[in-house]
2 protein chains.
Amino acid sequence: MSDTFIINPSFYKLDATLKKLRNHWQQAFDKQQKDITVDQWLVMENLYKHTRTTHKQLAHYTDKDITTISRILDLLVKKGLVMRQASSDDRRKVYLELTPAGVDKYTDVRPLVLELRRIGWHGLSEKDFEDLTRILDVIAHNLP
Amino acid sequence: MSDTFIINPSFYKLDATLKKLRNHWQQAFDKQQKDITVDQWLVMENLYKHTRTTHKQLAHYTDKDITTISRILDLLVKKGLVMRQASSDDRRKVYLELTPAGVDKYTDVRPLVLELRRIGWHGLSEKDFEDLTRILDVIAHNLP
DNA sequence: ATGAAATAGTTGCTATAACAACTATTTACT
DNA sequence: AGTAAATAGTTGTTATAGCAACTATTTCAT
């Protein structure tokens, strides 16, 4: 990689694209009155996929800080979409579960999310997807 | 783009990589006691490049919300790195300028930033850089 | 010339992000 | 057994992000 590219900002474009993507998703959520944020959706998606999950595991799945997970869950619990259940085998642990209302919310929002992904990838090939994945992996791997 | 890829989360990996990148930069800044955040650095870099800039222009350069710019500048002004100057031709406008201390900070931090970019791009080719740029542009262009 | 609309910037509010400090509990060591 | 270390989770604080509402000023329309 020559210095020409070192001169260019490296995370600026990533940041700008991600913000645009996130805002587009959020506006679509808001327009359809889903009453949920993009990150709350990401958390719920993982709770749907992984049952009997702890805060720590969820933080790993979503690549979020455990403190951030704790606060997002506060909001989801307040909305009645998620339940916290104290573990009996290890009393430090708290298991997380979507409530019936949470499952309803998931099935309600899911089609919109698939459509948004379709829009985001429009005009890109599978090779592009693989390249993007690989490049991001290399960047992440370059960091300790 | 087949449905296989639609199933995969689209912004999750972008978000995860960006967070890792940003944290690595921040930790490097902190370790060398640069006493500045990554986004504050991005703002200063643009103020160095573009003289007599307004808040609005700076928001455009950095792809940040003007309210975010307003608050980042509050911090930079408090640190004595940036000066706000009321415009005489249009009294709504405020011109921004690095103070001498701000220029010193810029020249102090700049080499570290170049090194961090070098690390981030390690193992990637110029073609990778071009592909990444193109793919991100297509994604951004897919959104209204 | 005057009122409406547009523009530049700030402030209030809520959400996400990261670090540090904290509580409670469990595991490991001797 | 008893203490130290590790682990799960919460809370406090600061920064960034975005929206809405606001002030002050300028431009536009008639």
Side-chain angles (χ1 to χ4, degrees), chain A residues 11-12 14-31 35-43 52-60 62-79 82 84-96, chain B residues 11-12 14-31 35-43 52-60 62-79 82 84-96:
Chain A
F11 64 76
Y12 162 74
L14 269 183
D15 184 45
T17 308
L18 182 60
K19 272 191 291 201
K20 198 163 179 192
L21 204 44
R22 190 188 300 270
N23 288 349
H24 179 246
W25 279 52
Q26 190 61 58
Q27 280 160 21
F29 282 14
D30 292 348
K31 188 180 279 180
D35 188 31
I36 197 176
T37 68
V38 174
D39 292 284
Q40 287 165 14
W41 163 257
L42 178 64
V43 165
R52 268 182 83 78
T53 306
T54 63
H55 290 61
K56 188 179 168 67
Q57 285 177 307
L58 190 52
H60 178 252
T62 57
D63 218 302
K64 291 184 183 299
D65 199 277
I66 193 175
T67 64
T68 301
I69 285 295
S70 182
R71 269 138 182 163
I72 290 179
L73 281 172
D74 286 345
L75 296 173
L76 289 175
V77 168
K78 204 192 294 179
K79 283 179 179 171
V82 174
R84 282 182 164 116
Q85 291 181 295
S87 161
S88 50
D89 51 308
D90 183 339
R91 285 190 301 165
R92 290 170 305 182
K93 284 189 186 171
V94 179
Y95 286 114
L96 302 166
Chain B
F11 64 77
Y12 162 75
L14 268 184
D15 185 46
T17 308
L18 183 59
K19 271 190 292 201
K20 197 162 179 194
L21 203 45
R22 191 188 299 271
N23 288 348
H24 179 246
W25 279 52
Q26 189 61 58
Q27 281 159 20
F29 282 14
D30 291 349
K31 188 179 279 181
D35 188 31
I36 197 175
T37 69
V38 174
D39 292 284
Q40 287 165 15
W41 164 258
L42 178 65
V43 164
R52 267 182 82 77
T53 305
T54 64
H55 290 61
K56 188 179 169 66
Q57 285 177 305
L58 190 52
H60 178 252
T62 57
D63 216 303
K64 288 182 184 303
D65 199 278
I66 192 174
T67 64
T68 301
I69 285 295
S70 182
R71 270 139 183 160
I72 290 179
L73 281 173
D74 286 347
L75 296 172
L76 290 175
V77 167
K78 205 192 291 179
K79 283 180 179 170
V82 174
R84 283 181 165 117
Q85 291 179 296
S87 160
S88 50
D89 50 309
D90 182 340
R91 286 189 301 166
R92 291 170 306 182
K93 284 187 185 171
V94 178
Y95 286 114
L96 302 165

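Naming convention: chains lettered A, B, ... in sequence-line order (proteins, then strands); numbering from 1 in each chain.
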Can you check the [X] [atom1] to [N] [atom2] distance for me, whole Å?
| X | N | atom1 | atom2 | value |
| --- | --- | --- | --- | --- |
| Asp30(A) | dA17(D) | CG | C1' | 14 Å |
| Asp90(A) | dT23(C) | CG | C1' | 14 Å |
| Tyr95(B) | dG9(C) | OH | P | 9 Å |
| Lys79(A) | dT14(C) | NZ | P | 13 Å |
| Lys93(A) | dA24(C) | NZ | C1' | 15 Å |
| Ile66(A) | dA20(C) | CD1 | C1' | 15 Å |
| Lys19(A) | dG18(D) | NZ | P | 5 Å |
| Leu21(B) | dA17(C) | CG | P | 16 Å |

Just call it for [X]: base, sugar-phosphate, or nothing, with non-hydrogen atoms closer than 4.0 Å on any strand.
| X | answer |
| --- | --- |
| Gln26(A) | nothing |
| Gln27(B) | sugar-phosphate |
| Thr67(A) | base |
| Thr37(A) | sugar-phosphate |
| Ile69(A) | nothing |

Report yes if a side-chain nitrogen or oxygen of [X] is closer than 4.0 Å to either non-bridging phosphate oxygen (OP1 or OP2) of [N]; otherwise report no.
| X | N | value |
| --- | --- | --- |
| His55(A) | dG9(D) | yes |
| Lys56(A) | dT7(D) | no |
| Arg91(B) | dT23(D) | no |
| Asn23(A) | dA17(D) | no |

Output the single nucleotide from [options] whose closest atom is nearest the side chain of [X].
| X | options | result |
| --- | --- | --- |
| Asp65(A) | dT26(D), dT16(C), dA18(C) | dA18(C) |
| Thr68(B) | dT16(C), dG18(D), dG9(D) | dG18(D) |
| Asp15(B) | dA17(C), dA15(D), dA17(D) | dA17(C) |
| Asp39(B) | dA17(C), dG18(D), dA17(D) | dA17(D) |

Can you confirm whether more than 12 heavy atoms, excluding those of Lys56(B), are under 6.0 Å from its NZ atom? no

Are Asp65(B) and Thr67(B) close enough that a side-chain donor and a side-chain acceptor fall under 3.5 Å? yes

Is it the case that Thr37(B) and Asp39(B) place a side-chain donor and acceptor less than 3.5 Å from each other? no

List the steps and the verdict of salt bridge (charged side-chain N to carboxylate O under 4.0 Å, His left out) for Asp74(B) and Arg84(B). CA-CA 10 Å; Asp74(B) 286 347; Arg84(B) 283 181 165 117; 3.0 Å; yes

Answer with yes or no whether Arg71(A) presents, from its side chain, a donor or acceptor under 3.5 Å of a partner atom in the base of dG9(D). no

Looking only at N and O atoms, is any donor in the side chain of Arg92(B) or the base of dT7(C) less than 3.5 Å from an acceptor on the other one? yes

Do the side chain of Gln26(B) and the main chain of Ile36(B) share a donor and acceptor less than 3.5 angstrom apart? yes

Heavy-atom distance under 4.5 Å between the side chains of Leu96(A) and Val43(A), does that happen here? no

Which sits closer to the 5' end of DNA chain D, Lys20(A) or Ser70(A), going by the nucleotide each is nearest to? Ser70(A)

